[in-house]
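None of the values given here were measured: they were computed from a predicted structure.
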Amino acid sequence: MAYPHSEIEAKWQAHWKQHKTFRTPDNVDQSRPKFYVLDMFPYPSGDGLHVGHPEGYTATDILARYYRMKGVNVLHPMGWDSFGLPAEQYAIKTGKHPRIITASNIDTFRRQLQMLGFSYDWDREIATTDEAYVRWTQWIFLQLFKRGLAYESEMPVNWSPDLCAVLANEEVEEWRAKGFTVERRPMRQWVLKITQYAERLLADLDGLDWPENIKEMQRNWIGRSEGAEVDFALGTETVRVFTTRPDTLFGATYMVLAPEHPLVDKITTAEQRAAVQAYRVAAAGKSDLERTELAKEKTGVFTGAYAVNPVNNQPIPVWVADYVLWGYGTGAIMAVPAHDTRDFEFATKFNLPIVQVVEPPAGVDWRGYVDDGIAVNSGPYNGLPTAEFKKQITAWLAQQGKGAAKVNYKLRDWLFSRQRFWGEPFPLLHCANCGVVPVPEDQLPVRLPEMKDYRPTPDGQPPLARATDWVQTTCPTCGGPARRETNTMPQWAGSCWYYLRYLDPRNEQALVAPDKEKYWLPVDLYVGGAEHAVLHLLYARFWHKVLYDCGVVSTKEPFQRLVNQGMILGEMEYTGYRDAAGAWVSAEFADDNNTDRRTRAKLTAVRVPEAELQKKGEGFVLLAQPEIRVVARAHKMSKSRGNVINPDDIVKEYGADSLRLYEMFMGPLTQVKPWSMKGVEGVSRFLSRVYRLFVDEETGAPSPKLSAAEPTRAQLRALHAAIKKVSHDIEKMEYNTAISAMMIFVNEAQGWPELPRALLGPFVLILSPFAPHLAEEMWSRLGHAESLAYEPWPAWDEDILREDEIEVPVQVNGKLRGRIRVAADAPEADIIAAALACPEAASFLAGKEIKKKIYIPRRMVNLVVAG
RNA sequence: GCCCGGGUGGCGAAAUGGCAGACGCAAGGGACUUAAAAUCCCUUGGCCGAAAGGCCGUGCGGGUUCGAGUCCCGCCUCGGGCACCA
């Protein structure tokens with residue numbers, strides 16, 4: 001029978017709240033060690049919590065509770081990333097203010113998180129939409145502005161007419177996938193100069209304790225490449241190109257400009273003008289994505305102009321092609337078709353000359369060879385290896401004034417404005433006399449105006465442009481009329497610095513007090529989903545570095561250690577296929593669109609119960625028809641698939657402790673893993689067994705097995721083994737094996753005729769980070785008046801764990817043949833002797849010469865025999 | 001195409017180069033019960049064998065080692081990320 005989890009959980013949640021058990025005081029004893037453990041705060045969506053949230057949140061909560069018991073000052077806060085598009089869209093539909101919608105969503109999320117017993121310091125709760133918070137987001141923006149890191153730019157942006165909003169390049173894919181259309185349109189935008197920090201953002205990754213793949217993704221995103229800029233004369237003009245392979249200059253047989261390149265107009269000859277113009281118009285209509293995705297075949301147009309190759313003074317034709325991107329490098333390239341895959345493709349298609357300048361290793365075709373080699377057809381440089389050639393030619397170019405070494409980055413400046421209502425207003429004014437003027441810091445925050453209609457204006461102006469009274473204001477510099485900036489900031493803004501505000505959430509004088517910042521930063525552990533691998537984490541690092549330069553923070557990086565929890569999928573599903581007549585079709589004949597790939601006939605996918613299946617080879621087949629394969633897969637949880645698990649339901653039926661424990665028991669934190677309702681029942685049974693160790697279920701009275709007796713040595717050993725394993729595993733965040741160790745202890749304890757209370761106290765303490773409600777209840781039933789939250793973490797005693805006699809496996813030629821029992825401290829000679837005498841091994845040793853005797857202390861004996 | 005991760009029983013998973021499959025689920029058997037649920041006990045990688053026991057087994061093929069799930073080389077496959085970045 002399940003224990004009364006609802007009662008117990010409600011009782012302890014109320015207790016923690018009332019006693020502010022998890023309050024981290026504003027002035028902690030700073031001589032003690034600290035642990036700042038942070039969750040990625042959620043966007044409070046209308047759907048409420050899903051089971052992915054408690055996965056990371058439980059993982060951090062276990063550490064927070066553990067370190068508190070180890071006497072460490074723990075900071076474990078929670079808040080809300082509460083600006084966001086869904087609330088705005090809902091507001092447009094219903095006319096309700098996004099603030100009201102957001103507040104109610106936050107209430108739901110808070111209730112759900114509190115129901116799970118997380119030990120957050122709720123006095124530090126913040127929401128990015130709070131005006132007191134917005135004030136400091138705007139303040140940080142002003143620092144960026146004052147440092148010249150924010151600028152206005154007329155940019156072709158990704159405009160979605162459905163959303164009436166501009167999207168960052170990085171967001172386009174996401175919204176397209178949801179069925180929204182996105183097109184290109186030039187618009188005035190605020191842009192942040194993140195590129196100015198590219199080098200530091202790249203270099204400082206090295207010191208971070210982050211998953212290697214995340215660091216690599218950031219490195220790729222920043223995309224540093226070393227090369228040279230080279231000037232090509234073109235009549236009276238000069239075209240500058242960037243290349244990572246200046247050593248291939250002698251093989252540059254033509255040149256390509258991006259369609260947007262301003263020189264195109266000037267250089268195009270009369271005969272080519274019409275073709276070039278048509279090509280540019282076509283290119284302008286396409287988004288970056290369409291250009292890349294649809295451009296399987298290279299396209300381009302000759303401009304009629306010729307440039308001069310600076311190394312050999314040869315004239316080379318200049319083309320326009322959209323495989324050259326305006327946003328990277330100089331928007332122009334020298335094409336070396338022999339040694340660049342793209343140029344090779346292009347040159348082949350348009351019959352342009354291909355000249356070898358790099359000699360590959362013997363046996364490799366030079367056409368399309370892109371790696372390093374030895375220079376050929378390169379005049380005085382023939383015979384040089386690539387690396388050396390690069391150095392020499394770069395020096396020569398610099399000396400001739402025709403080029404210079406150059407480092408380029410893929411990273412672009414950050415398009416920072418949105419044409420939306422529900423975001424932070426920019427603290428900027430436009431004054432006819434003074435230009436762009438920052439709102440004085442003492443006038444922050446700039447609040448959003450009250451409005452009835454949250455849509456953009458019909459002419460594409462942001463919604464704030466409708467608030468004419470709000471827009472009209474006076475210039476603080478000259479006193480003349482000024483207009484407020486009507487763009488708002490993106491959702492990333494608030495999440496860029498929230499980890500700082502938790503340190504000092506109600507400070508009205510400063511973003512954070514310096515002594516608090518110095519004590520608590522950096523975040524010691526940051527846990528969240530890998531979907532934020534690049535954007536959020538890169539933007540936050542960028543702001544942090546700016547604040548470092550401003551003297552607001554004293555660490556170079558915000559998040560010292562990062563862990564990504566793996567996604568939780570829905571339950572395993574077995575899918576079979578039937579044709580129109582209802583006959584089974586084996587899964588290997590079904591394609592992604594549920595069509596029979598042999599006949600093109602439409603198939604119906606049906607779920608097959610596990611009991612009707614058997615394993616065959618790599619996959620599963622129908623029991624009744626073993627020639628019919630089915631697909632076994634767990635899918636991402638989604639409303640459309642109907643496999644979403646609601647945490648509320650789990651808590652209601654099994655309790656919060658079961659949910660917490662199950663999510664930690666499923667497998668390694670970082671791994672993707674499918675949900676299993678049976679698994680929840682399993683850990684729930686374990687918690688019930690724990691309860692029954694203490695309580696007689698029939699009567700509700702303390703279990704009659706509880707005794708004041710001295711624990712036996714075997715009992716102590718069981719307890720201390722669990723303490724040791726749980727302690728180690730918590731520190732490694734290997735919670736599944738920690739839970740397994742506690743299960744082993746309980747399985748053993750169940751069999752004992754009496755249960756010394758002295759064993760149960762420490763056990764409850766090691767259980768408490770995982771199942772805090774049940775642990776608190778049992779702790780109080782053991783007679784303690786106070787919460788266990790600050791009880792010292794139990795220590796284990798190696799002496800108790802030490803066994804007098806151990807079992808050692810005996811192998812012959814590496815195969816296990818028997819076991820011997822020996823005194824733990826027996827000398828090697830005795831153990832070898834015992835192994836040689838081992839009866840099970842005797843037949844494998846008889847009459848054979850023993851060539852080698854290997855003893856691995858306490859682990860293994862291996863006897864190597866001849867033949 | 002490039003860069004990361006994974007691949008171990010029917011399932012989720014364990015295993016500092018040293019007893020493969022701990023722990024949990026499922027399944028089978030038993031106890032308790034009028035019965036069921038709940039609970040408790042036992043069995044459970046495959047093959048051969050009445051048993052004792054033996055052989056095989058960590059995606060595939062090689063290698064290093066007394067000994068490889070673990071290390072090295074070459075593949076297959078699934079998942080994620082990036083993708084005309086000159």
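The P atoms of B:rC42 and B:rC60 are separated by 34 Å, rounded to the nearest whole Å. With both ends at atom P, the span from B:rG30 to B:rA36 equals 12 Å, rounded to whole Å. Between B:rA20 and B:rC56, the two C1' atoms lie 13 Å apart (nearest whole Å). Taking the P atoms as reference points, B:rG61 lies 14 Å from B:rG69, given to the whole Å. B:rU34 and B:rA50 have their C1' atoms separated by 40 Å, given to the nearest Å. If you take atom P in B:rG17 and the same atom in B:rA86, they sit 39 Å apart, rounded to whole Å. Taking atom P on both B:rG21 and B:rG45, the two are 9 Å apart, rounded to the nearest angstrom. B:rU58 and B:rU70 have their C1' atoms separated by 10 Å, with the value rounded to a whole Å.
When heavy atoms are screened at a 4.0 angstrom cut-off, A:Glu681 is found touching no nucleic acid atom at all. If you check every strand for non-hydrogen atoms under 4.0 Å, A:Phe620 touches sugar and phosphate atoms only. No engagement by A:Pro211 is indicated, since no non-hydrogen atom pair under 4.0 Å with the nucleic acid exists. Among the heavy atoms of the strands lying under 4.0 Å from A:Ile744 are primed sugar atoms or P, OP1, OP2 only; no base atom is included. Using a 4.0 Å heavy-atom criterion, one finds that A:Gly682 contacts the sugar-phosphate atoms exclusively. Using a 4.0 Å heavy-atom criterion, one finds that A:Phe844 contacts the sugar-phosphate atoms exclusively. Residue A:Asp343 is classed as having no contact, given no heavy-atom separation below 4.0 Å to the nucleic acid. Nucleic acid contact for A:Thr341: none, since no nucleic acid atom lies under 4.0 Å from a heavy atom of the residue.
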Pairwise N/O distances under 3.5 Å, protein to nucleotides 78-82 of chain B:
none

Would A:Tyr279 and A:Thr299 count as a side chain to side chain donor-acceptor pair (under 3.5 Å) if you check the C-alpha gap in whole Å, the side-chain angles of each, and the deciding distance to 0.1 Å? CA-CA 9 Å; A:Tyr279 187 78; A:Thr299 59; 2.7 Å; yes
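Remark: B:rC11 base-pairs with B:rG24; criterion is Watson-Crick or G-U wobble with both hydrogen-bond distances under 3.5 Å. Base-pair partner of B:rU39: B:rA31 (Watson-Crick or G-U wobble, both distances under 3.5 Å). Across all strands shown, B:rG18 forms a Watson-Crick or G-U wobble pair, both distances under 3.5 Å, with B:rC66. Of all nucleotides present, only B:rC78 satisfies the Watson-Crick or G-U wobble test against B:rG5, with each distance under 3.5 Å.
No more than 12 heavy-atom neighbours from other residues, nucleotides or ligands sit within 6.0 angstrom of NZ on A:Lys853. Residue-environment remark: CZ (A:Arg240) stays at or below the threshold of 12 foreign heavy atoms within 6.0 Å. The number of heavy-atom neighbours closer than 6.0 Å to NZ of A:Lys636, taken from other residues, nucleotides and ligands shown, is 12 or below.
Among the nucleotides B:rG12, B:rC40, B:rG67, the one closest to the side chain of A:Arg692 is B:rC40. Taking the side chain of A:Met860 as heavy atoms from C-beta on, and the options B:rG18, B:rC84, B:rA26, the nearest nucleotide is B:rG18. Listed candidates were B:rA86, B:rA22, B:rA26. Nearest to the side chain of A:Ile333 is B:rA86.
An OP1 or OP2 oxygen of B:rC55 is reached within less than 4.0 angstrom by a side-chain nitrogen or oxygen of A:Arg817. Residue A:Arg858 has no polar side-chain atom (N or O) positioned under 4.0 Å from OP1 or OP2 of B:rC19. One finds no side-chain N or O of A:Lys615 lying less than 4.0 angstrom from the OP1 or OP2 phosphate oxygen of B:rG10. Residue A:Lys673 has no polar side-chain atom (N or O) positioned under 4.0 Å from OP1 or OP2 of B:rG12. Listed pair A:Arg859 / B:rU16 fails the phosphate criterion, with no side-chain N or O lying under 4.0 Å from OP1 or OP2. Note on A:Lys815: every side-chain N or O is 4.0 Å or more away from OP1 and OP2 of B:rA20. Contact annotation: A:Ser676 side-chain N/O to B:rG24 OP1/OP2 distance is not under 4.0 Å. At B:rC40, one or more side-chain N or O atoms of A:Gln750 fall inside 4.0 Å of OP1 or OP2 (strictly under the cut-off). Listed pair A:Tyr328 / B:rA86 meets the phosphate criterion, a side-chain N or O lying under 4.0 Å from OP1 or OP2. Residue A:Asn747 places at least one side-chain N or O closer than 4.0 Å to OP1 or OP2 of B:rG24.
Taking the syn range as angles within 90° of 0, the glycosidic angle of B:rG9 is syn.
Note: CD (A:Gln811) to P (B:rU65) measures 17 Å, nearest angstrom. The separation between A:Glu734 atom CD and B:rA14 atom P is 8 Å, rounded to whole Å. Summarising the geometry, the separation between CG on A:Leu257 and C1' on B:rA86 is reported as 13 Å, rounded to the nearest angstrom.
A salt bridge links A:Glu226 with A:Arg224: at least one charged nitrogen is closer than 4.0 Å to a carboxylate oxygen.
Under the 4.5 Å side-chain criterion, counting only non-hydrogen atoms from C-beta, A:Met743 is in contact with A:Phe665. Two residues are said to be in side-chain contact when any heavy atoms from C-beta on lie closer than 4.5 Å; A:Tyr3 and A:Ser688 meet this criterion. At least one side-chain heavy atom of A:Ser225 sits less than 4.5 Å from a side-chain heavy atom of A:Tyr328. Side-chain contact between A:Tyr662 and A:Tyr654: absent, with no pair of heavy atoms (C-beta onward) separated by less than 4.5 Å.
In terms of polar N and O atoms assigned as donor or acceptor, the side chain of A:Lys851 never comes within less than 3.5 Å of the base of B:rC66 in a complementary pairing. Not a single donor-acceptor contact under 3.5 angstrom links the side-chain atoms of A:Asn213 to the base of B:rC4.
Between the side chains of A:Asp413 and A:Thr195, at least one donor-acceptor pair of N or O atoms lies under 3.5 Å.
Minimum interatomic distance between A:Met637 and A:Asn643 (heavy atoms only, all atoms of both residues): CA-OD1, 3.2 Å.
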